[in-house]
Asks: 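The structure's right below; bear with me while I get my questions together.
Model, not experiment: these values are computed from the prediction.
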Amino acid sequence: MSSPIQIPGAARIVAASVSPTATNIHDRFASVHRQDSLNVRQPRVLHPVENEGLRLLILENISMEAVSAFKAQGLHVDHHTKAMSEDELLKKIGSYHGIGIRSKTKITEKVIKAATKLLVIGCFCIGTNQVDLTAAASAGIPVFNSPFSNSRSVAELVMSELVVLSRQLFERSFELRQGLWNKQSKGCWEVRGKTLGIIGYGHIGSQLSVLAEAFGMRVIFYDVVNLMPLGSARQLESLDALLSDADFVTLHVPELPETINMISRDQLALMKKGAYLINNARGKVVDIPALIDSLKSGHLAGAALDVFPSEPGSNGSPFDDQVNSWASTLRSLPNVILTPHIGGSTEEAQRMIGQEVSQALLRYVGLGSTIGAVNFPEVDLRAITAEEGDHVRVCYVHKNQPGVLKLVNETFAPYNVEKQYSDSKGEVAYLMADIANVSPMDVTRLQESIRRTDANILTRFLA
């Protein structure tokens with residue numbers, strides 16, 4: 001088993017395999033020529049020129065279907081049910097080529113610098129703010145996520161919270177479990193005819209809009225871009241207008257500098273007396289101490305929170321004032337639903353997330369495709385067929401600077417470049433090229449030439 005070749009100046013040439021067969025490049029060229037005689041046009045399974053068994057670190061109890069998909073392609077998988085701290089990652093990450101996480105594990109710049117073999121990061125969730133995306137891109141590491149797979153699960157959770165809050169079901173159920181019979185209708189409402197204000201009309205917000213209208217609710221929404229409403233929903237021009245008009249306000253926005261504490265004291269004061277606030281987005285978008293004050297004063301009738309600024313790293317851990325200084329106060333308030341970040345925690349969502357992200361990782365490792373990467377240029381080429389037996393695919397991540405393509409194409413000049421595509425994003429660019437009539441000796445020559453380019457960040461050859 002060979003080790004990745006280290007390139008001076010933090011640049012790397014590495015190789016990755018998605019096949020359990022560990023043959024050398026001479027055998028592979030001979031194999032594809034034998035396949036030509038069958039005259040069957042089919043995509044060719046690509047392998048690394050320098051073979052090294054891929055190792056993946058999968059954390060936070062990610063779907064076993066994803067684990068099975070990786071193992072089926074010959075990857076070694078270490079699967080853990082819990083998140084890892086930065087210190088734990090620093091001890092382990094150096095021996096892995098890929099990592100899969102959910103929302104609790106933090107991939108910091110420090111971790112990325114220690115990950116000398118890392119090729120790819122998979123976020124088996126919607127959000128990617130737990131990863132230093134810029135540091136990952138600068139190291140030539142694309143990050144993939146699943147932006148759509150749990151949308152329905154989150155939307156259904158919000159619908160359930162609307163009813164539970166408006167009927168005070170949480171309080172009545174808790175009282176009866178304590179042996180107290182307390183039948184009442186005061187302060188309990190139907191959701192039919194009420195106004196739902198949705199902040200962020202993306203995949204979750206728009207699905208929620210349809211479900212809410214099926215319940216007979218009037219739907220308004222606010223988004224930073226103009227969007228076509230579904231059904232009878234109506235977009236408002238300002239956040240303030242939505243807050244003052246809605247009976248229920250629900251947030252579905254990413255965590256960005258401009259969304260942190262976007263709902264604070266001034267915004268809560270604009271909401272109707274007796275309104276409800278729901279946050280299943282990101283923990284930092286709501287100023288929770290301000291929300292506590294609004295609930296205590298009776299201005300808001302209730303709230304549902306599924307996300308928090310700081311969250312425990314594993315099941316069974318305490319959710320107390322050491323995690324968030326206001327936790328015990330929040331837990332003591334009536335008609336407040338607190339759930340442990342379970343918006344996307346359904347069997348259906350986790351299965352679809354596992355399938356989507358695992359396939360994205362396998363496509364990148366085995367084919368070089370970065371379609372769907374959140375921090376990286378999106379580049380793809382059609383598959384090399386079995387008939388194209390002497391083709392080699394070059395996957396070249398480089399600094400986005402003038403003159404790079406000229407140097408690379410001069411290197412390619414003696415060969416027939418069947419297809420080539422390049423794109424850039426910020427300071428990082430990515431080129432894929434399929435080169436024909438390449439011998440094993442030519443591959444070595446090409447590697448050495450590209451390795452010498454000053455702009456090289458990470459280069460892989462697949463054949």
Side-chain angles (χ1 to χ4, degrees), residues 154-175 186-191 194-200 204-205 208 211-212 215 217 219-222 239-240 242-253 255 259-311 319-321 323-345:
V154 178
E156 288 188 4
L157 178 63
V158 175
M159 289 306 303
S160 69
E161 289 168 338
L162 293 173
V163 175
V164 170
L165 286 172
S166 62
R167 296 295 298 274
Q168 301 178 17
L169 289 181
F170 185 83
E171 296 302 307
R172 299 293 84 77
S173 175
F174 178 77
E175 290 165 350
K186 184 179 180 180
C188 298
W189 314 93
E190 294 181 355
V191 298
K194 305 302 186 296
T195 299
L196 174 63
I198 301 172
I199 303 173
I204 296 173
L208 175 60
L211 295 176
F215 268 62
M217 300 187 77
V219 177
I220 56 177
F221 68 91
Y222 170 73
L239 176 61
D240 289 357
L242 179 143
L243 294 172
S244 61
D245 192 17
D247 300 302
F248 297 85
V249 173
T250 179
L251 292 120
H252 302 283
V253 298
E255 183 183 308
T259 61
I260 293 177
N261 285 341
M262 70 179 299
I263 302 297
S264 191
R265 297 187 187 278
D266 291 344
Q267 291 74 33
L268 292 167
L270 289 173
M271 293 176 65
K272 292 180 178 179
K273 181 175 174 57
Y276 304 86
L277 180 69
I278 298 173
N279 182 23
N280 292 310
R282 285 291 177 261
K284 293 183 179 179
V285 302
V286 173
D287 180 352
I288 296 186
L291 173 62
I292 289 172
D293 289 343
S294 187
L295 290 163
K296 281 184 171 181
S297 70
H299 180 66
L300 292 189
L305 302 175
D306 186 49
V307 289
F308 306 91
S310 297
E311 297 178 356
F319 182 71
D320 55 21
D321 290 353
V323 179
N324 294 288
S325 60
W326 34 256
S328 59
T329 303
L330 182 66
R331 297 198 326 256
S332 68
L333 297 176
N335 209 28
V336 173
I337 303 170
L338 304 177
T339 48
H341 205 148
I342 58 170
S345 296

Asks: Within the supplied structure, the quantity of interest is the number of heavy atoms (other residues, nucleotides, ligands) at a distance under 6.0 Å from Lys284 NZ; does it exceed 12?
Replies: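 12 or below, so no.
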Asks: Does the plane of the ring in Phe308 sit parallel, tilted or perpendicular to the ring in Phe319? Use 30° and 60° as the thresholds.
Replies: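 Tilted: the ring planes of Phe308 and Phe319 meet at 30° to 60°.
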Asks: Taking Ser166 for the side chain and Val163 for the main chain, is one N or O donor matched with an acceptor at less than 3.5 Å?
Replies: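 Such a contact is found between Ser166 side chain and Val163 backbone.
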Asks: Using modelled atom types and a 3.5 Å cut-off, is there a donor and acceptor pairing between side-chain atoms of Asp306 and backbone atoms of Gly343?
Replies: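 Present.
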Asks: Give a yes or no on whether Arg167 atom CZ has more than 12 heavy-atom contacts from other residues, nucleotides or ligands under 6.0 Å away.
Replies: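 Incorrect, the count does not exceed 12.
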Asks: Does the side chain of Leu162 come within less than 4.5 Å of Met217's, by heavy atoms?
Replies: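 Touching, per the 4.5 Å side-chain cut-off.
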Asks: Do the side chain of His252 and the main chain of Ala155 share a donor and acceptor less than 3.5 angstrom apart?
Replies: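 No; judged by distance alone, with no hydrogens or angles, the pair does not exist.
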Asks: Whether the side chain of Asp287 engages the backbone of Arg265 through a donor-acceptor N/O pair (distance < 3.5 Å, no angle test) should be reported.
Replies: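 Checked: no pair found.
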Asks: Examine distances only and state if a side-chain atom of Asn324 and a backbone atom of Trp326 form a donor-acceptor pair shorter than 3.5 Å.
Replies: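 Side chain of Asn324 to backbone of Trp326: no pair is present.
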Asks: Can a donor-acceptor pair be found, under 3.5 Å and without considering hydrogens, that links the side chain of Asp293 to the backbone of Lys296?
Replies: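 Absent.
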Asks: Leu277 pairs by side-chain contact (heavy atoms from CB on, under 4.5 Å) with which of Val336, Leu295, Val249?
Replies: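 Going through Val336, Leu295, Val249 one by one, the side-chain contact (heavy atoms from CB on, under 4.5 Å) with Leu277 is satisfied by Val249 alone.
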Asks: Can you find a heavy atom in the side chain of Ile220 that is under 4.5 Å from one in the side chain of Asp245?
Replies: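 Yes; the side chains approach each other to less than 4.5 Å.
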